[in-house]
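Contents: one structure, followed by commentary.
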Amino acid sequence: MHNSSNDVLALPIFKQEESNLPPESDNKILPFQYVLCAATSPAVKLHDETLTYLNQGQSYEIRMLDNRKMGELPEINGKMVKSIIRVVFHDRRLQYTEHQQLEGWRWNRPGDRILDLDIPMSVGVVDPRANPTQLNTVEFLWDPSKRTSVFIQVHCISTEFTMRKHGGEKGVPFRIQIDTFKENEAGEYTEHLHSASCQVKVFKPKGADRKQKTDREKMEKRAPQEKEKYQPSYETTILTECSPWPEITYVNNSPSPGFNSSHNSFPVIEGLDTFVNVNLLPTATPQEAQQWLHRNRFSPFCRLFSNFSGADLLKLTREDVIQICGPADGIRLFNALKGRVVRPRLTIYVCQESQQTREQHQKHENGDGSSNAFFVYHAIYLEELTAVELTEKLAQLFSISPRQISQIFKQGPTGIHVLVSDEVRASTGFLFLQCLGQSFPNVICEALGIHK
């Protein structure tokens, strides 16, 4: 039985190149320990991270152990904590295309999930949740003072993400990461306590057993001196401490799926598609520059730029970045550093009006006296130029459901109302939103211009 987390050396190259852990962490006792009940491969060299083989769709137990010393973290005594389990890519080439990779998998496997909880088998798991938009993530509450075992199932296999599929190719390794949080004063589970992960490969049913047997037979054939260079196979896999999963900032500050008093379904969040790309400032310290790289999915290059400040990164030329990172990643990083974004096809400025502001607006338009009215407009960026897109953007702006907007009209010649459609675009003039179940003020809408 493998009982020491210190025997396994973490290689935290997923999502973050550096573990950012203090040097003394090697000897400290961690508050929690997570044990995956699956044997490690014997074909792993000493001082390398362990590798564990899993069968697709098989339930595997993860024991959630309270490892606190007496008096440590007394604020969670008698309280629940929240743990989030993720299956993510270990390979640095796949890390920053993770969202596209998962979307491709979703397209090929409609209705399936990458990670599931086996609820009937699990013990001590409270309020388990699986976000329908995050196929590789599950979360639950648990009481550290009580026995807790969660059973997981991984439904993707490692060869589904290989570049060439001619048969016999090596599958890509994944990581299983667990992040645990405690409640803050507002009752939200956002205060990070502990994170740990391990490296796994997933095979078709029974494939993991065959691979484990093959590795064992290979090791038995090696000379005794060669065997000494390899780790023994442990019955279980200890997840080793790592950096917490990078937080993602969402448009409109949408909360990540969390636990609250109501048990509604998750809000729809599309992770990296809605990621807010904040420009890097020249005044950023090396630590802040590292955080910016993480947030913008450049984690594989964090080690290369570990001593670079914001000013250092911004001074790099396009040729410098391409030489360091390669053509594809270099162009992406250079564009991110320069704050380049894809222009929308149409930008319109929208102002919610009242009768008073409309009268003032009319006076100002007609030149009748000086108007002190101050009109606040909000920018709406349209890329598809469809009525559905406009409806969704307007509903988001005014914090209502798109279903509440039954129709949108624009003011046509002589004041007539023209129904907005994909052919009749709302580019200028007044818009009228017809809403269900409530009256809603008219909207002044003015186009800035079309970008093609």
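All residue numbers in this chain count up from 1 along the given sequence.
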Please give me the minimum heavy-atom distance between A208 and N55, naming the atom from each residue. N-OD1, 2.9 Å
Roughly how far, to the nearest 0.5 Å, is the CG atom of L51 from the CD atom of Q199? 5.0 Å
Less than 4.5 Å apart, any side-chain heavy atom of I178 and any of F32? no
What orientation do F174 and F161 show, parallel under 30°, tilted 30 to 60°, or perpendicular over 60°? perpendicular
Heavy-atom neighbours of N184 CG exceed 12 at 6.0 Å: yes
Checking side-chain contact (heavy atoms from CB on, under 4.5 Å) for the pair Y189/L141: CA distance, chi angles, key distance, verdict? CA-CA 10 Å; Y189 290 90; L141 299 177; 3.6 Å; yes
Would you check if the side chain of T137 reaches a backbone N or O of R86 as a donor-acceptor pair within less than 3.5 Å? no
Would you mind listing every salt bridge (Lys or Arg N to Asp or Glu O under 4.0 Å) that reaches into residues 107-125, with sequence neighbours excluded? R109-D112, R109-E160, R113-D116
With sequence neighbours left out, what residues match K211 under side chain to side chain contact (heavy atoms under 4.5 Å, CB included)? Y53, F203, D215
About how many Å separate CG of L102 and CG of N136, when rounded to the nearest 0.5 Å? 5.0 Å
Could you list the residues that satisfy side chain to side chain contact (heavy atoms under 4.5 Å, CB included) with N67, not counting sequence neighbours? I29
Report the C-alpha separation of D127 and K82 in whole Å, then their side-chain angles, then the decisive distance to 0.1 Å, and conclude whether the salt bridge (Lys or Arg N to Asp or Glu O under 4.0 Å) test is met. CA-CA 10 Å; D127 202 5; K82 180 176 81 170; over 6 Å; no
Side-chain heavy-atom pair W142, V81 within 4.5 angstrom cut-off: yes
Rounded to the nearest 0.5 Å, what separates atom CD1 in I238 from atom OG1 in T52? 10.0 Å
Check whether any side-chain heavy atom of Y230 sits under 4.5 Å from a side-chain heavy atom of D48, and report yes or no. no
Is the backbone N or O of V202 less than 3.5 Å from a side-chain atom of S158, with the two atoms forming a donor-acceptor pair by type? yes
Quick one: does any side-chain atom of Q212 pair with a main-chain N or O of T40 as donor and acceptor, under 3.5 Å? yes
Test item: E235 side-chain N/O and A39 main-chain N/O as donor-acceptor pair under 3.5 Å: no
Between the side chains of Y34 and S83, is a donor N or O closer than 3.5 angstrom to an acceptor N or O? no
Looking only at heavy atoms, which two atoms of K201 and P173 are closest? And how far apart? CG-CA, 3.9 Å
Between Q58 and P205, is any pair of side-chain heavy atoms under 4.5 Å apart? no
Within the side chain of Q290, is there an N or O that forms a donor-acceptor pair under 3.5 Å with the backbone of C302? yes
Do the side chains of I152 and L117 get nearer than 4.5 Å, heavy atoms only? yes
Between F140 and I85, is a side-chain contact (heavy atoms from CB on, under 4.5 Å) present by the stated rule, with each step listed? CA-CA 9 Å; F140 55 92; I85 304 180; 3.6 Å; yes
Considering residues at least two apart in sequence or located in another chain, which fulfil the side chain to side chain contact (heavy atoms under 4.5 Å, CB included) criterion with R210? K206
Got a sec, which residues hit side chain to side chain contact (heavy atoms under 4.5 Å, CB included) with D143, two or more places apart in sequence or on another chain? M80, S145, K146
Quick one: are I84 and Q177 in side-chain contact, heavy atoms under 4.5 Å? no
Identify the two heavy atoms, one from A130 and one from V138, that lie closest to each other, and give their separation to 0.1 Å. CB-CG1, 4.2 Å
Correct closest heavy-atom pair for I76 and P144 would be CD1-CG, 4.3 Å
Reference residue T50; test side-chain contact (heavy atoms from CB on, under 4.5 Å); the match among V44, L36, T237: T237
Gap between atom CG of L30 and atom NZ of K69 - 0.5 Å precision: 10.5 Å
Quick check against the 3.5 Å criterion: does E288 have a side-chain atom that pairs as donor or acceptor with the backbone of T285? yes
Locate the shortest heavy-atom distance separating S195 from P244; write the atom from each residue and the value. OG-CA, 3.3 Å
Check against side-chain contact (heavy atoms from CB on, under 4.5 Å), I324 and F305: CA-CA 10 Å; I324 295 170; F305 299 118; 3.8 Å; yes
Find the distance between CG (L135) and NE2 (H155) and round it off to the nearest 0.5 Å. 11.0 Å
Using modelled atom types only, decide if a donor and an acceptor are shared between the side chain of T236 and the backbone of A38 within a distance under 3.5 Å. no
Please lay out, stage by stage, how L293 and L280 fare under the test side-chain contact (heavy atoms from CB on, under 4.5 Å). CA-CA 9 Å; L293 290 167; L280 179 67; over 6 Å; no
Taking only residues two or more places apart in sequence, or in another chain, which ones meet E75 in a salt bridge (charged side-chain N to carboxylate O under 4.0 Å, His left out)? K182
What distance separates R175 CZ from C198 SG, expressed to the nearest 0.5 Å? 7.5 Å
Do F181 and H192 have their ring centres less than 6.0 Å from each other? yes
Quick one: closest heavy-atom pair of I176 and L239, and the distance? O-CD2, 3.9 Å
E72 CD: over 12 foreign heavy atoms closer than 6.0 Å: yes
